[in-house]
Visitor: 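Once you've had a glance at the structure underneath, I'll fire off some questions.
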2 protein chains.
Amino acid sequence: MHPRIVDTLKRNQLSITDSRKKILEMFLQKKGALAHADIEQQSGEEFDRVTIYRTLQTFVEKGIIHTIPTADNSVRYALCKDDCSEGHHHDNHVHFMCDHCGTTYCLDHVTVPAVVLPAGFKISQVDVVVSGSCLKCQQ
Amino acid sequence: MHPRIVDTLKRNQLSITDSRKKILEMFLQKKGALAHADIEQQSGEEFDRVTIYRTLQTFVEKGIIHTIPTADNSVRYALCKDDCSEGHHHDNHVHFMCDHCGTTYCLDHVTVPAVVLPAGFKISQVDVVVSGSCLKCQQ
DNA sequence: ACGCAAATGCAACAATGTTGCAAAATAATT
DNA sequence: AATTATTTTGCAACATTGTTGCATTTGCGT
């Protein structure tokens, strides 16, 4: 088991349960983003569908993961950088979704460019959703 | 009825039906984006739910409207600039979603900033999803 | 080990989206 | 203008996705 799992749960005042450990482990292992369906498939019959929904919801509330806006409006989640332990707010993000393999990357290290909007719009968050082909799918 | 409606349908080789006229009119009147639910409510019992789904799908295929990625992963549609009559591909877009009133704006005239990705990623589309408070909701 | 609080599983439900097919509306042809 | 061919619609049924309430189970602090 990944060493950070118990730490992360404790730090967020969550009880250490099988589903939380397993789901968090999935995020730590797989670098890309996960959809609810991915988790359901990978965990087999181990957890109830409802438990997965509630676990994801809890993780989002605690800032352990965040949702990703995608071009096809499918709901995906990715680990927050540094587990958001610092109250980090995810105001800016660049995400990349591969048109071929469907993998979604959370590019925390890419700088979000400044966006200039017409007068009257107050910006609180900027999400950049890039599609194309990824490292593995070059062609 | 908006004068562009019949033109647009004909240009895209679509038969002129009540639902298509009405739904296209909604997009032309309302400047912001529409969700399936908005259309369903506004049209009352006039059209079947399935018809609305199919009409939206057809419009997307013909390039009359496009879907908008949103921070909350709700599916919304907006008119394509120039009805995409020129085979315009919507490679770049800035969308704004108001946190207060929920209105979604399609800001065709705002320049999409350049995004620099790590080597190996090939960009085919960039969507910028901005949240905040809009013109009407300033505070 | 015990008791309390929290999380889980189950069932039922709600919302959203899809598919097949017969009936109706639109377009094309004569 | 009437007839035929094609497209679109409405209905029914179904699939998927997400939510809620409640009894049972699990984890946690003492």
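Every value quoted in this text rests on a predicted model; they were computed, and no experiment measured them. Just so we're on the same page: letters track the sequence lines, and every chain starts at 1.
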Visitor: Treating primed atoms plus P, OP1 and OP2 as sugar-phosphate and everything else as base, which nucleotides of nucleotides 19-30 of chain D get B, S or - for protein heavy atoms under 4.0 Å?
Guide: BBB-----SS--
Visitor: What does B:S19 touch in the nucleic acid at a heavy-atom separation under 4.0 angstrom: a base, only the sugar-phosphate, or nothing?
Guide: sugar-phosphate
Visitor: Strictly distance-based, threshold 3.5 Å: is any side-chain N or O of A:T8 a donor or acceptor partner for the main-chain N or O of A:R4?
Guide: yes
Visitor: Can you see whether A:D99 engages B:S124 through a side-chain donor-acceptor pair at a distance of less than 3.5 angstrom?
Guide: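 Result is yes, a qualifying pair exists.
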Visitor: Between B:L9 (CG) and C:dA27 (C1'), how many Å, whole number?
Guide: 14 Å
Visitor: Which pair of heavy atoms, one from A:Y105 and one from A:C134, lies closest together, and at what distance?
Guide: OH-SG, 3.3 Å
Visitor: Tell me: CD of B:E40 to C1' of C:dT16, nearest whole Å?
Guide: 10 Å
Visitor: Without decimals, in angstroms, what is the distance between B:Y77 OH and C:dT16 P?
Guide: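 In whole Å, C:dT16 P lies 12 Å from B:Y77 OH.
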Visitor: Would you say the side-chain atoms of A:N12 pair up with the backbone N or O of A:L9, donor to acceptor, closer than 3.5 Å?
Guide: no
Visitor: Rounded to 10°, tell me the angle between the two end axes of the helix from C:dA1-D:dT30 to C:dT30-D:dA1, each built from five pairs.
Guide: 30°
Visitor: Fit a plane to each ring of A:H66 and A:H95, take the angle between them on a 0 to 90° scale, and name the class: parallel (under 30°), tilted (30 to 60°) or perpendicular (over 60°).
Guide: tilted
Visitor: Within this structure, what is the CD1-to-P distance between A:I52 and C:dC10, rounded to whole angstrom?
Guide: 12 Å
Visitor: For A:Q13, look at atom CD and say whether over 12 heavy atoms of other residues, nucleotides or ligands are found less than 6.0 Å away.
Guide: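 Atom CD in A:Q13 is not crowded, with 12 or fewer foreign heavy atoms closer than 6.0 Å.
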Visitor: Remember a base hit wins even if backbone is also touched, and classify B:E46 as base, sugar-phosphate or nothing at under 4.0 Å, heavy atoms.
Guide: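 It contacts sugar-phosphate atoms only.
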Visitor: In this structure, how many angstroms lie between the P atom of C:dA24 and the CZ atom of B:F47, rounded?
Guide: 18 Å
Visitor: Would you mind telling me which residue lines up with the more 5' stretch of DNA chain C, B:A37 or A:D48, judged by nearest nucleotide?
Guide: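 Of the two residues, A:D48 wins.
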Visitor: At what distance, to the nearest 0.5 angstrom, does CG of A:D18 lie from OG of A:S43?
Guide: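 These two atoms lie 11.5 Å from each other.
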Visitor: To the closest 0.5 Å, what do you measure between CD (A:Q42) and CG (A:D38)?
Guide: 6.5 Å
Visitor: Whether the B:R20 and B:T55 side chains hold a donor-acceptor pair (N or O, under 3.5 Å, no angle test) is what I'd like checked.
Guide: no
Visitor: Using whole Å, what does the distance between atom P of nucleotide C:dT16 and atom CZ of B:R76 come to?
Guide: 12 Å
Visitor: If I take atom CD in residue A:Q41 and atom P in nucleotide D:dT16, what distance separates them, rounded to the nearest angstrom?
Guide: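 Rounded to whole Å, this separation is 12 Å.
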Visitor: To the nearest angstrom, how far is B:Q13 atom CD from C:dA28 atom P?
Guide: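 From B:Q13 CD to C:dA28 P: 10 Å.
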